[in-house]
2 protein chains.
Amino acid sequence: MRPVVTIVVVDDHSLFAQALENLINSFGEFKVLYHVKNGQEFVKKLAHIENVPDLAVIDINMPVMDGVETTRWLKKNYPTVNVIALSMDDDEPTIIRMLRAGARGYLLKDISPTILHDAFKDVIDKGFYYSNCITNHVLTSLHRGKEADHELKDREVEFLKLACTEMTYKEIAGAMCLSPKTIDGYRESLFEKLQIKSRVGLVIYAIKNKIYKPE
Amino acid sequence: MRPVVTIVVVDDHSLFAQALENLINSFGEFKVLYHVKNGQEFVKKLAHIENVPDLAVIDINMPVMDGVETTRWLKKNYPTVNVIALSMDDDEPTIIRMLRAGARGYLLKDISPTILHDAFKDVIDKGFYYSNCITNHVLTSLHRGKEADHELKDREVEFLKLACTEMTYKEIAGAMCLSPKTIDGYRESLFEKLQIKSRVGLVIYAIKNKIYKPE
DNA sequence: ATGAAAAGGGGGATTTTTCCCCTTTAATGT
DNA sequence: ACATTAAAGGGGAAAAATCCCCCTTTTCAT
């Protein structure tokens, strides 16, 4: 008989977190220590060393300190904690970033309790859990190879955020302390990288990739 | 001693629905009959008359048949069912639409189980539950009066959707079988109504108001 | 060390977007 | 019946976005 596996839930929807806590506890083999609203609260809680769990179930879309940041911090400071990412949307870039940050599994919020249970067991016993839909995503991504991995630079991301406002490129140039011509260069190189043709394309890309979050 | 209140949960995140079901049952005074993934499934379930609940907890963002549609249908066909809307975002237009559709309460997913419990009791006993943040929203909306209720016409919504693509206005005009000049008129009137200055403003507005949904 | 990128910037042309003022036709209210 | 308003459309101009080809300086890997 192995000891009870301890778990922490990190999710800003506290109703969901609470409900999930009850569900997990009902499995019997697991014990939820507590749940927190975001990464920052988790960091605070972890200051008390007795609160370190075996497993952390982390939501990706959170204000303050999101899932990717939290996972990265956790892997650096408490590498023994296994991370399972929990998210509503299954967009590929997010999955990749989450796995690179150190997550051992990725689950969508529309799964069944049974699958959740299986995933927990797999991560504890085998060290990982990858559902079919996730492996498909990752495989297609890897298949496309590294030449398509348009990693945006900090400066480009900054520009992208401003491009989602009603500023003209000239105003953006002023805000970034660059010449309008340089901004024009950024724009053109992004059009090429992202395979788009207009500023609307920039906005849509930024929103899909959570570089700009409306509301 | 009153009889047990029966509840149905409608949410496409079945993990959340399941977890919420457990939580609600743990209150003791309520009994969740079943949970479904969307309005269409709810309609099917209701075909068996013995499955009609006292209360329906309905998520707003669902594929297939969303919260507003579901509530409207429910109020027409089963007016005795009380509806509590459950959502992640607290954007005002959505709240207004949901209340107009017939919801008796509006809750955010980041509330505590206690508040959830109170809301259920209020809706059953008093027929409504409005949290502080919601009443603020609604009051500010009502305060702004009816002249600011930019209800968009079908044609404008159609234009707005196309404006979120990489089509030029000329192409949009072609797609909508209108002169480019008419499209220019739509654009200008929307700029006025929505208090914006550029096409980026249109895209952001459309996304915030769920007229265009990226992925 | 040296050639190749990468980062910042310029000139200039073409389209698109944005803006303002104006006309016609059809629907609508009083 | 008549005024009003909404919807579709036009002319024309200024501003912004898009595109293409060019230059310098720095950084960086072989």
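Numbers restart at 1 for each chain; the letters A, B, ... are given by sequence-line order, proteins then strands.
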> Of all the nucleotides listed (D:dC20, C:dC19, C:dG11), which has the minimum atom distance to the side chain of B:K181?
Replying inline: C:dC19
>> Output the rounded distance in Å from CG (A:L162) to P (D:dA16).
In response: 17 Å
> Between A:E166 (CD) and C:dC19 (C1'), how many Å, whole number?
Replying inline: 15 Å
> Do the numbers put A:K208 on top of the ring of A:Y205, so that NZ or CZ is under 6.0 Å from the six-membered ring centre and no more than 45° off the axis?
Replying inline: no
>> If only side-chain N and O atoms count, and only distance matters, is there a donor-acceptor pair under 3.5 Å linking B:S14 with A:D110?
In response: no
> B:E188 CD to D:dA6 C1': how many Å, rounded?
Replying inline: 16 Å
> Separation of B:K197 atom NZ from C:dC19 atom C1', in whole Å?
Replying inline: 14 Å
>> For a quick test of reading the model: is some side-chain N or O of A:R155 closer than 4.0 Å to OP1 or OP2 of C:dA6?
In response: no
> Nearest of C:dG8, C:dT16, C:dT18 to any side-chain atom of B:F191?
Replying inline: C:dT18
>> If you only use heavy atoms from C-beta on, which nucleotide in D:dG9, D:dA16, C:dG8 is closest to the side chain of B:S179?
In response: D:dG9
> If you check the A:D184 side chain, which of D:dT18, C:dC20, C:dT17 turns out closest?
Replying inline: D:dT18
>> Does C:dA7 have OP1 or OP2 under 4.0 Å away from a side-chain N or O of A:Y186?
In response: no
> Taking OP1 and OP2 of D:dA15, is either one under 4.0 Å from a side-chain nitrogen or oxygen of A:Y169?
Replying inline: no
>> What is the distance, to the nearest angstrom, from the CG atom on B:L190 to the P atom on D:dA6?
In response: 15 Å
>> Check whether B:F191 forms a cation-pi arrangement with B:R187 (NZ or CZ under 6.0 Å from the six-membered ring centre, at most 45° off the ring normal).
In response: yes
> Can you tell me how far P of C:dT17 sits from CE of B:M167, to the nearest Å?
Replying inline: 11 Å
> Rounded to the Å, how far apart are B:K170 NZ and D:dG10 P?
Replying inline: 13 Å
> Would you call B:D59 and B:K109 a salt bridge, using N to O less than 4.0 angstrom?
Replying inline: yes
> Phosphate oxygens OP1/OP2 of D:dA8: is one of them under 4.0 Å from a side-chain N or O of B:T182?
Replying inline: no
> If you check every side-chain atom of A:R199, which of D:dA17, C:dT16, C:dC20 has the closest atom?
Replying inline: D:dA17
> Regarding B:K45 and the six-membered ring of B:F42, is the cationic atom NZ or CZ under 6.0 Å from the ring centre and inside 45° of its axis?
Replying inline: no
> A:F159 has an atom CZ; how far is it from atom P of C:dG8, in whole Å?
Replying inline: 13 Å
